[in-house]
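Any value given below was found using the heavy atoms of this structure, including those in side chains, with hydrogens, waters and symmetry copies removed. Numbering of ligands and ligand atoms starts at 1, following listing order.
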Amino acid sequence: MPPRGLLPLCLLCLQAALPLPARYRGDKVIRVVPESERETRILKAAFNRLKVGSCTTGGPVAAQQHLPHHQRYGHRRASTTEHIPKSAALPPASKHPVHIQDWMHHLNNTHSDLVHMFSVGKSYEGRPLFVLKLGKRSRPYKKAVWIDCGIHAREWIGPAFCQWFVKEALQTHQTDPAMRKMLTQLYFYIMPVFNVDGYHFSWTNDRFWRKTRSKNTRFRCHGVDANRNWKVKWCDEGASFHPCDDTYCGPFPESEPEVKAVAHFLRKHRKQIKAYLSFHAYAQMLLYPYSYKYATIPNFSCVESAAYNAVNALESAYGIRYRYGPASSTLYVSSGSSMDWAYKNGIPYAFAFELRDTGHFGFLLPETLIKPTCTETMLAVKNITLHLLKKCH
Ligand SMILES: *[C@@H]1O[C@H](CO)[C@@H](O)[C@H](O)[C@H]1NC(C)=O
Ligand SMILES: *[C@@H]1O[C@H](CO)[C@@H](O)[C@H](O)[C@H]1NC(C)=O
Ligand SMILES: *[C@@H]1O[C@H](CO)[C@@H](O)[C@H](O)[C@H]1NC(C)=O
Ligand SMILES: [Zn+2]
């Protein structure tokens, strides 16, 4: 269940009779922001009665009851409908999963001085889990930054950003002193598609697929929420025990091979890795721990000032203002997340980005917005990583 009477912001009406690829054709997205407990109850009841799917837990703006109302929503009470565009089924070829893999192999071959591609394991369906290690081999020991994209399959802007980051780094490190410094003094471990099976499935079968694709022994529903499967207050508030829910935590922590492989890698390199950055969409937020409880992290002031500077840097590009703060009070409470896990395992700067937008296009962010979104996000990421290289007390 969503935490604290949290709020079906978005109901997606599914016509289950249609074949899968056409599942959403002619469907509508209805966005509803309930304004009271009572409205929330009514919506939930309606929600159970109708055959609808919800994207509540998928990242749209949501918030806690204890905040003042205008802060909670950050936008007007909205009740809009929009048709899901047919083009949702025809995404740009540049982001196709197979294409991303070819692109990584290509970089590994053509930029072997700066890029090393390796696999940290295999997905449930047997796909390699590729990571790019990016940086100059200037000295034996360097601090490192971990970046992952696409934990949630349908959040396509994530993998696009990871690719953008690598492309920009390779194109600008000779001319941009900041980037040169980053690649000289740090290694970046970049995983463009964390949830490869789910991402694939979101291209072939279901554009709004979120979870992994693992099978369940007792239910016909597939998949686990790869951002509820980590061993940190696992399957508590903001996660579901039910295999058919979008926030299903899995049968046990690290049950998903993708989560297990990355957790293993991060554990092994936790002395070296100083920042963990995970890319999601959508909400326009920069979040730091904790996600699973309302409490202040020990190194609050360093993390908070990194976030403050990063959102200002981001805003300087196109005036897009991100909210920032602890995930629990800024977005919602969720347990078993990768960010909390990274922080608890000794990575002092752990952040989750919720990229554009705030719900107008939602997961279907059009191609024309990929470039501006990546450009501004790049400023935030550069700002955070340069902050790492300074002392903070
Ligand atoms: C990347 O290139 C190196 C050689 O530079 C090679 O050893 C390695 O296997 C390549 N990685 C992949 C995933 O093919
Ligand atoms: C980070 O962003 C802040 C706010 O925009 C800015 O003052 C600072 O110079 C930036 N730092 C770097 C290293 O880019
Ligand atoms: C907080 O910062 C100090 C000094 O930078 C560091 O030694 C410590 O590990 C950090 N603690 C956490 C929980 O990140
Ligand atoms: Zn997400």
Side-chain angles (χ1 to χ4, degrees), residues 55-62 100-122 127-134 137 148-159 161 176-182 185 191-195 198-199 202 208-212 225-229 238 246-247 278-287 291 305-317 319 321-322 324 327 331-332 334 337-339 352-356 362-363 365 376 378-390 392:
C55 2
T56 317
T57 51
V61 183
I100 295 176
Q101 230 188 73
D102 290 348
W103 167 81
M104 286 195 266
H105 279 295
H106 176 74
L107 293 184
N108 192 51
N109 293 334
T110 54
H111 292 80
S112 55
D113 53 331
L114 286 172
V115 177
H116 178 74
M117 175 192 187
F118 62 99
S119 160
V120 292
K122 279 210 156 52
R127 296 185 176 88
L129 301 170
F130 285 126
V131 172
L132 297 174
K133 181 178 183 179
L134 175 68
R137 283 172 222 131
D148 63 52
C149 298
I151 285 190
H152 291 140
R154 63 194 174 191
E155 300 165 10
W156 284 5
I157 187 64
F161 175 73
D176 172 13
M179 185 58 83
R180 186 183 319 133
K181 188 170 173 184
M182 285 162 64
Q185 303 197 12
M191 187 177 197
V193 191
F194 184 110
N195 174 9
Y199 187 67
S202 74
F208 293 99
W209 189 256
R210 168 179 167 94
K211 298 189 283 182
T212 61
D225 185 339
N227 206 29
R228 300 290 185 279
N229 190 233
D246 248 358
T247 54
S278 193
F279 287 85
H280 291 258
Y282 54 90
Q284 293 182 186
M285 290 179 185
L286 177 52
L287 307 168
S291 221
S305 70
Y308 170 83
N309 285 326
V311 301
N312 283 335
L314 187 149
E315 187 179 14
S316 72
R321 186 73 201 156
Y322 269 41
Y324 67 97
L331 184 62
Y332 44 56
S334 66
S337 75
S338 65
M339 177 185 73
F353 280 79
E354 292 281 352
L355 300 180
R356 289 202 205 181
F363 303 119
L365 198 70
E376 68 194 8
M378 195 70 197
L379 296 180
V381 172
K382 281 171 89 169
N383 200 288
I384 288 176
T385 54
L386 291 166
H387 177 105
L388 284 183
L389 296 171
K390 290 189 283 219
C392 177

request  = Would you confirm whether Trp209, through its side chain, and Lys211, through its main-chain N or O, come within 3.5 Å as a donor-acceptor pair?
outcome  = yes
remark   = Counting only non-hydrogen atoms and a 4.0 Å cut-off, the residues near ligand 2 are Asn309, Asn312, Ala313, Asn383, Leu386
For His111, ring-ring contact (aromatic ring centres under 6.0 Å, His included) partners two or more places apart = none
key: Partners passing side-chain hydrogen bond (donor to acceptor under 3.5 Å, both in side chains) against Arg137 (at least two apart in sequence or in another chain)   = none
Test side-chain hydrogen bond (donor to acceptor under 3.5 Å, both in side chains) applied to Ser338 - qualifying residues, sequence neighbours left out = Asn227, Tyr276
key: Atom of His152 nearest the Zn ion (ligand 4) (restricted to N/O/S, atom name only)   = ND1
request  = Starting from the Zn ion (ligand 4), look over the N/O/S atoms of His280 and name the nearest one.
outcome  = ND1
remark   = ligand 1 atoms nearer than 4.0 angstrom to some heavy atom of Asn108 are 1 (C), 2 (O), 3 (C), 8 (C), 10 (C), 11 (N), 12 (C), 14 (O)
inquiry  = Is it the case that ligand 1 has an N or O less than 3.5 angstrom from some N or O of His116?
reply    = no
task = Please find out if the Zn ion (ligand 4) and some N, O or S atom of Glu155 are separated by less than 2.8 Å.
result = yes
ask   = So Phe363 and Tyr282, would you call those rings parallel, tilted or perpendicular, with 30° and 60° as cut-offs?
value = perpendicular
For His105, atoms of ligand 1 separated by under 4.0 Å from a heavy atom = 14 (O)
note = Tightest non-hydrogen contact, residues Ala281 and Ile157, listed as CB-CG2, 3.5 Å
key: Contact summary for Tyr322 and Leu286, nearest pair of heavy atoms   = CD2-N, 3.9 Å
inquiry  = Using every non-hydrogen atom in the two residues, find where Phe208 and Arg154 come nearest and quote the distance to one decimal.
reply    = O-NH1, 3.1 Å
task = Using distance alone, determine whether Met117 and ligand 1 share an N or O pair under 3.5 Å.
result = yes
Shortest non-hydrogen contact from Arg321 toward Gln284 = O-NE2, 3.9 Å
